[in-house]
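Labels below follow one simple rule: chain letters A, B, ... track the order of the sequence lines, proteins then strands, and each chain is numbered from 1.
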Amino acid sequence: MTSWKELLKDEIPAEMGNLIDIYEAQMELRKQGKLDEKVFAESRLRKGVYGQRYDNGQRHDGVQTRELTFPSADIVKGPDTLWDAPGMQRIKIPYGGLTAEQLETLSELADEYSGGILHITTRQDIQLHYVHIDDTPDLMRRLAAVGITTQEACGNSVRNITACSLAGVCHDEVFDVSPYADAMTQFLLGHDDVQDFGRKFKVAFSGCAGHACGLVKMHDLGLLAQSREINGETRRGFTVFVGGGLGTVPHQAKVLADFVTEEELLPLTQAVARVFARLGEKKNRNRARLKFLVAKLGIDEFRELVQEELKIVPPDERHTAYMDSLGAFVYQPAKAGMALNGAALPAGFADWYRSNVYRQAQPGYSTITLHTPLGDFTAEQGFQLADIARRYVGDNIRLSVEQNFVLRWVADADLPSIYRDLDAIGLADSGAGTIVDITSCPGTDTCKLGIASSRGLTAELRTRLIEKINLLPDAVRDLKIKVSGCFNSCGQHHVADIGFFGNSRRSGNHKMPHFQVVLGGQWQENAGSYGLAVGAVPAKSVPDVLEALTERYVAERAADENFQTWVKELGRKEIKVMLQPFTKLPSFEENPAFFSDWGDSRVYTIDDIGVGECAGEVVSLFSMEISRAESTHFEALLALDDGDFATADHHAYKAMVLAARALVRTKYLDVGDDYNVIVQEFRSRFYDTELIYDRFAKGKFARYLFKRHEAAPARVNEDYAHQIIDETQLFIENVHSAEQRINGVIVG
Amino acid sequence: MTKVPKRLGVKFNLKQTPQLQPADILPIFQRWIQEHTVPGMLIDVIDYKHVLEGPGVVLVADEADYAYDLGEGHPGLHYVRKRDLPDSLPAAIRLCFQHALQAARALEAEAPGDLVFDFASAKFSFLDRMRYRNRPSIFAAVQAEVADIVAGIYGAPVEVTRVNDDPRRLFALRARLRDGQINLDEIAGRLSCSPEIA
Ligand code: HEM
Ligand code: SF4
């Protein structure tokens, strides 16, 4: 029978296909118990394949905790994570840019693998939930065929690189950052220097300092567009921020460099990555983000280290090659720009125009935001939206960090008709960017760490606020609300006017879902400052709390006083007093509704909280790399079974080189990919020194590699293939034990 | 032999929009988990009612999803088998029909007189674009066979049409009883004594 692998083999770029094959082989090895569960977990995370709530095989049904007896019960895809349990697939969409064709493929995949629903995340990714791990390789192949990768979407790696969704059409930008985000994505993807992080690494680009879109100050690495006169010439460049991040302990990024030119951008990034890989915390997961390293060293020392590192970053033509193609990064609108022509406007258009339409820097064009409820849309909407995009804007589709679609390059004259078309598919709700457009993390719906239902609360607030949006004063209408299901802040509650994050409190013998109220965070100025936690209130009281807060704000604010200033003026103490009435907890008998979360009829419990995978697994670089060698060896075995001896030889040889490379990289990170260099380095560092020597066999196993490297076999038949596969196995074992001998205990 | 799709769905629409709101389905499905009202390894309930004409409220099981589905603007019960489909198309269709019917009848019992299904018609979705691209040739190849299988379930002839002809959409068929009364107990009886259903 045909397979997606077979069907798409000519459409998938070789390197992408190869990585997916390796991952599939790793899956098989894990199922057979031949690959360590932590190593597999980290490999899976780096493919964007994430765990989901209840995947430890337990769920509280409201009465009792029940065991979920999955068919392949004892097989795990990570520590305490059952193989068959539904999981999440994160799909990287660099700077949120999508083509109509890609949107169609994503919709097809949702139809077939995730119940017909897609989700836009707070970092411009797409997520599919309730995906079975067995479906993930094909899912990745179908994405790869339209140029999308899930590589390094989760795990301790460089996550999706984000950028303002208005980049290229904005009035305020210094220049369009999209091609730079694109170039950096390509440069860092799979790069050797980003494989040994203790934690995730998030990068964002922003076109201007004042607005929020890029949020550079809350990122590990933030790049802010700047231009400078240098030798009489106007040069493009960036202010570079490092060490920002949300999470439990939010940090504002520090300025690493005021201005770096386009030529310096990638090498500098590489140097930062190398310093982080070398000095970043690896053991204590709670202090492993770059922000902690920057805070520990101080920005000045960190800067010095980066400058030193920059001197030894190996030359690479890719550092500047991307600049040649910057000019090719042009937008192709589907239609010529044209002003609105005074024709009759559909009902609801005026409201929508006010909140969802942005007049582009290019005359005659607008950018529109599709307010996408909770970031969710259906596969059917995806197909229809792809049609609408083709009709009006071509491939100019983006996702925003506010979990919305953004269509750019709409000819102004088309606004009424695109509004009608979007309305027909339920994507023309007004209020984008206003108080009704609430951001939410997955929370208790699917996240293992969720404490309270962020999505349930968001849905409830949204429904209530939409009903009265037209009655709200502008000052309230324009506030931003963001909700996280716990303190980890995936919903970015620190940078909202009004943020909430889930926690729980006890009342009598029962737990009650609560939300901590966080006020006065700043979305503007690239997430310029973080909010203040002012107290926890029961989840069911949040709508009343919101009303009390906003009413008081309207009544007391000075003309033009914004929410942040008002909160500051009011002070934490006074706010606590205001929240006081809401913190009195009813007993279960008095009000059982308070003991269920929003959108969930079960009596609330925190028993379902599991171990999150946000921190990835502490797995050494060596373990990750040797596992690639092992799965390549496994592919050789499969080829042997298929009777394809030449492929078996090819994979076996490659597996030996990968194993040698894994060992070399423990001493010499920059060895690169050239087989000759790898074998030579291996020989001089480990063979000539006898470090690789086995107690009994001495250098025999290493010589298998040398033999194959020096001469391809004259004749490849079954016996030969068997032999080289066996030799590869012995060599890999040899490398494993040598590594332990040489480098001591490794984790994972 | 005709191929079995990777996943197969059967949906029965409600005859009319009920008083019951999608939100009211959430506690029903949660209770179904506690009481094991429908077969399967029941996991969780998901709420998608905020998206237009989406899967509504879904009871997720390991081998299947049961959705109070709002797709195409018709609320209904959608059963999607995700794994362990029998390896013949007749057996697969009969199995999904049986589970969809059982769940829809259980739902009817939750709000008698308000939730009323149109059991004389069923939509079959083939969630597998590898084996079932939505093309006229595929339709031509399976129309008669599906009509036979479904007629066998109803004990009366059915008409089978293609739900839409966009090649990007899932291949889906609607089977409608040509005429005559249906007796659900008889249908259920026929399905449960079917040798193909394990
Ligand atoms: C200790 C564990 C975790 C920490 C510290 C953490 C932290 C964060 C932070 C700070 C963000 C915010 C946005 C940003 O950086 O721009 C984020 C994004 C996100 N997180 Fe988490 N997270 C954790 C675990 C999880 C888990 C278990 C889930 C649920 C499966 C989850 C789901 C998400 C999602 C959906 C996003 C949006 C982003 C994307 O596309 O990257 N996180 N996380
Ligand atoms: S904020 Fe907490 S509940 Fe929400 S996705 Fe992150 S870890 Fe999960």
Contacting moiety of B:K82, where chain A heavy atoms sit under 4.5 Å: neither
A:R142, part contacting chain B, at a heavy-atom distance under 4.5 Å: side chain
Mark yes or no for whether B:R168, through its side chain, and A:E104, through its backbone, hold a donor-acceptor pair below 3.5 Å. no
At a heavy-atom separation under 4.5 Å, does A:D135 approach chain B through its side chain, its backbone, both, or neither? side chain
Measure B:D44 against the heavy atoms of chain A and call it side chain, backbone, both or neither at under 4.5 Å. both
Heavy-atom contact with chain B under 4.5 Å, split by part of A:L427: neither
Ionic contact status for B:R83 with A:D84, cut-off 4.0 Å: yes
Could you look at B:M130 and say if it's the side chain, the backbone, both or neither that has a heavy atom under 4.5 Å from chain A? both
Between A:R602 (side chain) and B:Q30 (backbone), is there a donor-acceptor pair under 3.5 Å? no
When you check the gap from the basic side-chain N to the acidic O, do B:R133 and A:E108 get nearer than 4.0 Å? yes
Can you name the nearest heavy-atom pair linking B:L52 to A:G426, along with the distance? CD2-N, 3.5 Å
Flag the pair A:E112 and B:R129 as a salt bridge only when some basic side-chain nitrogen lies within less than 4.0 angstrom of an acidic carboxylate oxygen. yes
Give, as side chain, backbone, both or neither, the part of A:F70 having an atom under 4.5 angstrom from any heavy atom of chain B. both
